[in-house]
Amino acid sequence: MDLDEAFLHTGEFGRYQKRLTGFLVLLQVYVASQSMLIVLVGAVPEYHVIDQENIPESKEDYDKYVHYANNFTSIVSEWHLIKHEAYKVNLASSLFFAGLLIGNVLFGPLSDKLGRKPVYLSGLFFDIIFGYLAALAPSYEVFAISRFFVGVMNGGMALVSFVLTQEYVGKSYWALTGSLTNLTFALGIALYALLGFYIRNWRTLAFVANCPGIFFFLLSFLLPESPRWLYSQGYTAEAEKVLESIAVGNSVNRPVIKLRLGAGAAKSGGPAHSVLDLVRYEVLRWRTLILMYIWYVCSLVYYGLTLNAGELKGNLYLNVALSGLVEVPAFPLCLYFIEKSWCGRGRATSGFLVFAGLGCIFTMFLPESNDYLINSTVLALFGKLSVSAAFNVVYVYTSELYPTVVRNAGLGVCAMACRFGGILAPFVPALA
């Protein structure tokens, strides 16, 4: 039997698979807190300069001339990143997204070659290490470099964990697991805002937000290797054992599974597939180019709006929480539209992107003092809802458009283009 038939025998989304995917989906709470860390850790508290004409050049003298509000601390108040130094907050955020770019480029092909589990575990381990280093950083330079390496590990690890959630279940459940992953990321943003509301010291906040990573790392050793990756590499015996263990975990009588090598499976010792396959075949080449552009657009708009949440009028923590919670309706919307024959993945992506664009464009024509129901904050949240829905669909759509042997490489290249949008996103609010 082929692999899809084997999943029908073991259960496409049984009890054991729900536990596996549920665990990896919950990991997105940790991923979200690391991704959005700078929104609160880099927030600018209210401050007062005593002598505007004699602002000191030495940072050591800033304490005498600048008084910060004591409602929270951040890297801004600790290292005086104001005035001509303010750009360093956005720079630290861009370095994180540059790290994500490199992580996506490195971890995608690595996990296709070495396996999903070892690459995922390595990324999560070093993500935790550099996360603690950022929380304890003695200077801005150490903090910024640590955030860069957090980005490398976080981006690569999150990419591989997403692929694992897809490959543990039957293809008919890929849309569900993909949507759940993005939904949990949105809830993770809201939970991070709640954590920041109660923990006002930035070092303590960064330390506590990093602690769940240890829990996920220790439990991740219980995860099996992806049966789809094993099958694609020609390790049919190992894939059969994993599938049989899934069947037992699903309370299905242990089936006798004998896999046959299909067209998508590599023979042991045969030529390895690589990222070059994406440009070698015309159909994959055009798909990759189009998907790279869509991922870039989604990232630029999504993170531009998310990182701008701290600049919106009103309560900082409420705005950050709302920027995450507003994505929750995107989950049922995506599941409804992508499964309809008259809509599907492609039209759903196009439609959501159009609504996101219109929502953002119309904010330009509203006066800043507008107190009506429809104001710039509401339109920004509507744009965030729409672009997160598009992001959700394109994540699922991309994983379905690539064969198993180059799926992680394809996702990695698209995520690389996505990170260029993320690198530019921190500077979008400065355009105001």
Side-chain angles (χ1 to χ4, degrees), residues 25-48 67-82 86 89-90 92-93 96 127-128 131-132 134-137 140 143 146-147 150 154 158 182-216 302-331 375-378 380-385 388 425-426 429:
V25 163
L26 282 176
L27 178 67
Q28 291 301 309
V29 173
Y30 173 71
V31 173
S33 66
Q34 293 301 306
S35 299
M36 297 297 111
L37 189 76
I38 200 69
V39 177
L40 297 182
V41 163
V44 182
E46 293 183 11
Y47 64 89
H48 173 66
H67 288 170
Y68 296 94
N70 59 3
N71 56 334
F72 67 89
T73 68
S74 69
I75 60 173
V76 174
S77 60
E78 177 156 342
W79 294 312
H80 304 297
L81 304 181
I82 58 174
V89 178
N90 290 334
S93 186
F96 172 80
D127 191 356
I128 297 166
Y132 281 126
L136 303 172
Y140 167 79
F143 174 83
S146 300
R147 287 294 293 165
V150 167
N154 189 275
N182 293 306
L183 171 67
T184 311
F185 184 90
L187 293 175
I189 296 175
L191 289 173
Y192 172 62
L194 180 65
L195 189 66
F197 178 77
Y198 287 105
I199 303 176
R200 299 300 179 95
N201 181 281
W202 80 265
R203 288 187 182 275
T204 307
L205 175 61
F207 192 92
V208 172
N210 196 50
C211 286
I214 298 175
F215 166 79
F216 285 108
Y302 179 91
Y303 288 108
L305 291 171
T306 303
L307 297 174
N308 191 46
E311 305 291 330
L312 296 174
K313 293 179 180 178
N315 184 278
L316 168 66
Y317 304 98
L318 180 61
N319 287 337
V320 174
L322 286 176
S323 74
L325 293 175
V326 75
E327 298 180 42
V328 174
F331 169 66
N375 52 42
S376 58
T377 301
V378 171
L381 291 174
F382 174 75
K384 179 74 184 299
L385 165 66
S388 65

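Annotation: side chain of Phe216 is not in contact with side chain of Ile128 (no heavy-atom distance under 4.5 Å). For the pair Phe96/Val150, a side-chain contact is recorded, criterion being any heavy-atom separation below 4.5 Å from C-beta on. With contacts defined as side-chain heavy-atom distances shorter than 4.5 Å, the pair Ser388/Asn182 does not qualify. Put simply, the side chain of Leu318 does not reach to within 4.5 Å of the side chain of Phe197, judged on heavy atoms. With contacts defined as side-chain heavy-atom distances shorter than 4.5 Å, the pair Leu187/Leu325 qualifies.
When atom types are taken as modelled, the side chain of Ser93 and the backbone of Asn90 share no donor-acceptor pair closer than 3.5 angstrom. Looking at Thr73, its side chain does come within 3.5 Å of a backbone N or O of Trp202 through a donor-acceptor pair.
Separation of atoms CG (Leu40) and OH (Tyr317) is listed at 6.0 Å; rounding is to 0.5 Å.
Applying the side chain to side chain contact (heavy atoms under 4.5 Å, CB included) rule to Ser74 yields the partners Pro45, Phe72, Val76, Ser77; only residues at least two apart in sequence or on another chain are considered. Taking the side-chain hydrogen bond (donor to acceptor under 3.5 Å, both in side chains) definition, one finds that Tyr30 meets it with Asn210, sequence neighbours left out. Applying the side chain to side chain contact (heavy atoms under 4.5 Å, CB included) rule to Leu136 yields no partners; only residues at least two apart in sequence or on another chain are considered. Taking Ser146 as the reference, Leu133, Ala134, Val142 meet the side chain to side chain contact (heavy atoms under 4.5 Å, CB included) condition, with sequence neighbours excluded. Contacts of Ile199 classified as side chain to side chain contact (heavy atoms under 4.5 Å, CB included), with partners at least two apart in sequence or in another chain: Leu195, Thr204, Leu205, Val208.
Counting heavy-atom neighbours within 6.0 Å of Tyr132 OH, excluding the residue itself, gives a total above 12.
Taking the six-membered ring for Trp and thresholds of 30 and 60 degrees, Trp79 and Tyr140 have ring planes more than 60 degrees apart, a perpendicular arrangement.
The two atoms that bring Ala380 and Leu305 nearest to each other are O-CD1, 3.8 Å, heavy atoms only. Residues Gly42 and Val89 share a closest heavy-atom pair of O-CG1, 3.5 Å. Across all their heavy atoms, Val29 and Thr184 have their closest contact at CG2-CG2, 3.7 Å. The minimum heavy-atom distance between Ile38 and Arg147, with the atom names listed, is N-NH2, 4.5 Å. Annotation for Ser35 and Asn154: closest pair OG-OD1, 3.8 Å, computed over non-hydrogen atoms. Scanning both residues, Gln34 and Ala209, for their nearest heavy atoms gives NE2-O, 3.8 Å.
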Please lay out, stage by stage, how Phe382 and Val378 fare under the test side-chain contact (heavy atoms from CB on, under 4.5 Å).
CA-CA 6 Å; Phe382 174 75; Val378 171; 5.5 Å; no
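Residue pairs meeting the salt bridge (Lys or Arg N to Asp or Glu O under 4.0 Å) criterion with at least one member in residues 196-210, sequence neighbours excluded: Glu78-Arg203.
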